[in-house]
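Before any comments, here is the structure.
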Amino acid sequence: MEKKKYQDIVKKYTPQEDRTYHGIVAFVIGGVMGVLGQLLLDLYANWFHLPTTDAAPFMIITLIFFASLFTSLGFFDKWVAWAKAGLIIPITGFAHSMMSAALEYKKEGFVTGIGANMFKLAGTVIIFGVVSSYLFGFIRLVIFGG
Amino acid sequence: METFFYKNVYLNETSTVAGLYEKNGPLGHYFDKTYDEFYFNEKTWEQAESKLIEESIDIVLRKLNKTRFDIDVHISGDLLNQIVASNYAASRLRIPFLGIYNACATSVEGMIIGANMIEGKLIHNCLVTTSSHNNAAEKQFRYPVEYGAVKKKTTTFTVTGGACAYLSNEKSMIKIDSATIGTVEDMDIKDSMNMGAVMTPAAASTIYKHLKNTKRDIRYYDLILTGDLGTYGEKMLKEYMELEYRIPLKNYKDAGTIIYDLDTQPVFAGGSGPACAPLVTFSYILEQMRKKELKHVLVVATGALFSSTMTNQKLSIPSIAHAISLEVVK
């Protein structure tokens with residue numbers, strides 16, 4: 001059979017993913033995460049009498065802490081599998097990816113296991129985050145003069 | 001010469017050890033031993049998988065009332081890098097050992113190698129083992145287990161289990177009748193989340209060659225069992241056989257769809273892994289053969305020869321399938 005003809009068969013029997021449903025779930029959960037972040041931000045700003053910019057790290061740390069804790073307790077993966085991008089895109093996804101990799105490799109030692117594998121998934125985010133922020137910073141400098 | 005006929009090779013005894021999801025599946029009560037968790041009192045998943053092989057051998061030897069000194073050759077393979085589960089089990093058993101790899105087609109590959117040696121009178125008997133472990137496979141091939149990575153509907157779920165077969169020249173009810181070695185097929189499928197589509201061409205080509213070389217009609221077999229194509233692969237294979245070879249697939253099932261309850265268990269398109277085909281064959285199918293409900297069964301174990309290194313290099317995934325024909329005698 002020709003490859004093209006076979007690929008048509010594959011296409012015919014490969015089911016469509018429920019993109020609209022997944023999109024709505026991710027949108028709502030992602031939105032809830034945003035609201036939660038804003039709520040924490042306002043709370044910290046009020047409690048500690050801080051300007052919002054200084055309260056932001058506290059909010060981020062709180063979200064990272066709870067995502068990592070829930071991952072370690074073993075149920076955050078089920079939430080992620082359901083909410084998908086809704087939990088992966090916010091900072092919770094970043095923390096979760098590091099914590100899950102660390103848990104996975106802890107039996108292979110501190111250095112050769114956790115150290116070498118913790119950034120297996122998050123490493124890409126960091127690298128391209130830094131590269132793109134440099135790039136956009138540079139563009140901003142050229143166009144707007146800083 | 002891809003098909004062999006055997007005059008004097010028998011499948012005397014088998015054993016199956018399975019994990020939690022398989023226990024909760026429809027075939028749960030057919031397995032010799034099952035576990036409720038994923039470590040089996042070992043420290044890591046890899047070591048747990050190795051234990052599955054050791055235990056499956058223990059159970060077979062106990063059933064046969066033999067010791068490891070009575071076994072001529074041990075043939076084993078699994079999904080882990082460097083087939084470590086087999087190697088570490090073999091290092092403790094110290095039976096003359098052949099390590100093999102054909103991904104999820106390993107079980108039948110091992111049976112063919114063993115049967116050929118027995119038919120050639122080089123050995124009297126052999127043990128063929130295969131294993132797979134869901135978490136160990138996820139860790140090696142995909143994402144960390146606790147990450148809960150997003151999956152497509154066509155993804156298959158690696159079976160946790162170990163299976164052992166004792167083949168010999170001593171007469172028994174189940175005879176190994178013939179076997180066909182498959183060729184590696186590649187239809188340019190690159191989606192590692194759709195292994196059914198990857199393996200279908202290999203399964204089709206092996207089934208076709210087997211029927212052609214044995215001059216048998218498809219209806220000769222009471223059951224044709226593929227290894228782990230999953231629900232969507234099943235449909236693709238039927239259409240492929242019909243279009244390419246004009247053979248309507250009758251009496252056909254896929255082990256990956258039998259081992260789990262696809263409606264209630266979170267397994268997507270069904271089971272997969274080297275242990276999938278033998279777990280189903282050595283428990284449920286052999287039971288039916290012993291009751292003479294099935295007399296001629298063709299087991300076609302299918303393997304996706306997948307490596308994330310090669311798919312990251314944008315190469316497609318090659319696949320293989322081997323067929324072995326079992327029949328009831330007496």
Q.
Between B/Glu46 and A/Lys107, does any NZ, NE, NH1 or NH2 come within less than 4.0 Å of an OD or OE carboxylate oxygen?
A.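 No salt bridge links A/Lys107 with B/Glu46.
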
**Q.** Ion pair check, A/Lys3 and B/Asp186, cut-off under 4.0 Å
**A.** no

**Q.** Non-hydrogen side-chain atoms of B/Thr154 and A/Pro15 separated by less than 4.5 Å
**A.**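 They are in side-chain contact.
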
Q. Under 4.5 Å between any side-chain heavy atoms of A/Asn117 and B/Pro144, yes or no?
A. no

Measure the [atom1]-[atom2] distance between [X] and [Y] for me, rounded to the nearest 0.5 Å.
X	Y	atom1	atom2	value
B/Met236	A/Lys12	CE	NZ	11.0 Å
B/Leu237	A/Tyr13	CG	OH	11.0 Å
B/Glu146	A/Phe70	CD	CZ	14.0 Å
B/Leu243	A/Asp8	CG	CG	10.5 Å
B/Lys235	A/Ile9	NZ	CD1	14.0 Å
B/Asp188	A/Glu2	CG	CD	13.0 Å

Crowding at [atom1], [X] (>12 non-hydrogen neighbours, <6.0 Å):
X	atom1	result
B/Phe38	CZ	yes
A/Phe58	CZ	no
A/Phe138	CZ	no
B/Phe268	CZ	yes
A/Arg140	CZ	no
A/Phe128	CZ	no
B/Lys23	NZ	yes
A/Ile127	CD1	no

Q) Is B/Tyr147 reaching over with its side chain to a backbone N or O of A/Val80, donor-acceptor style, under 3.5 angstrom? A)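 Here the side-chain-to-backbone pair does not exist.
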
Q. Taking the side chain from B/Lys153 and the backbone from A/Gln16, do they hold a donor-acceptor pair closer than 3.5 Å?
A. yes

Q: Using heavy atoms and a sub-4.5 Å threshold, report which of residues 22-38 of chain A line up against chain B, by residue number.
A: none

Q: Just give me the residue among A/Lys120, A/Lys84, A/Lys78 that pairs up with chain B most often, heavy atom to heavy atom, under 4.5 Å.
A: A/Lys84

Q) Between A/Lys4, A/Glu108, A/Gln7, A/Lys5, which residue shows the highest count of heavy-atom pairs closer than 4.5 Å to chain B? A)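 Of the candidates given, the most pairs with chain B belong to A/Gln7.
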
Q | Chi angles and distances behind the side-chain contact (heavy atoms from CB on, under 4.5 Å) call for B/Met187, A/Met1 | A | CA-CA 9 Å; B/Met187 281 292 206; A/Met1 189 178 278; 3.9 Å; yes

Q.
Which residues pass the side chain to side chain contact (heavy atoms under 4.5 Å, CB included) test with B/Tyr245, not counting sequence neighbours?
A. B/Ala204, B/Ser205, B/Tyr208, B/Tyr240, B/Met241, B/Ile247

Q.
Under a 4.5 Å cutoff for heavy-atom pairs, which residue among B/Asn135, B/Asp191, B/Ile189 has the most contacts with chain A?
A. B/Ile189

Q) Can you name the nearest heavy-atom pair linking A/Asp77 to B/Val145, along with the distance? A) OD2-O, 3.9 Å

Q. Side chain, backbone, both or neither: which part of B/Thr200 has a heavy atom under 4.5 Å from chain A?
A. both

(Q) Heavy-atom cut-off 4.5 Å, strictly under: side chain, backbone, both or neither for B/Pro201 against chain A? (A) both

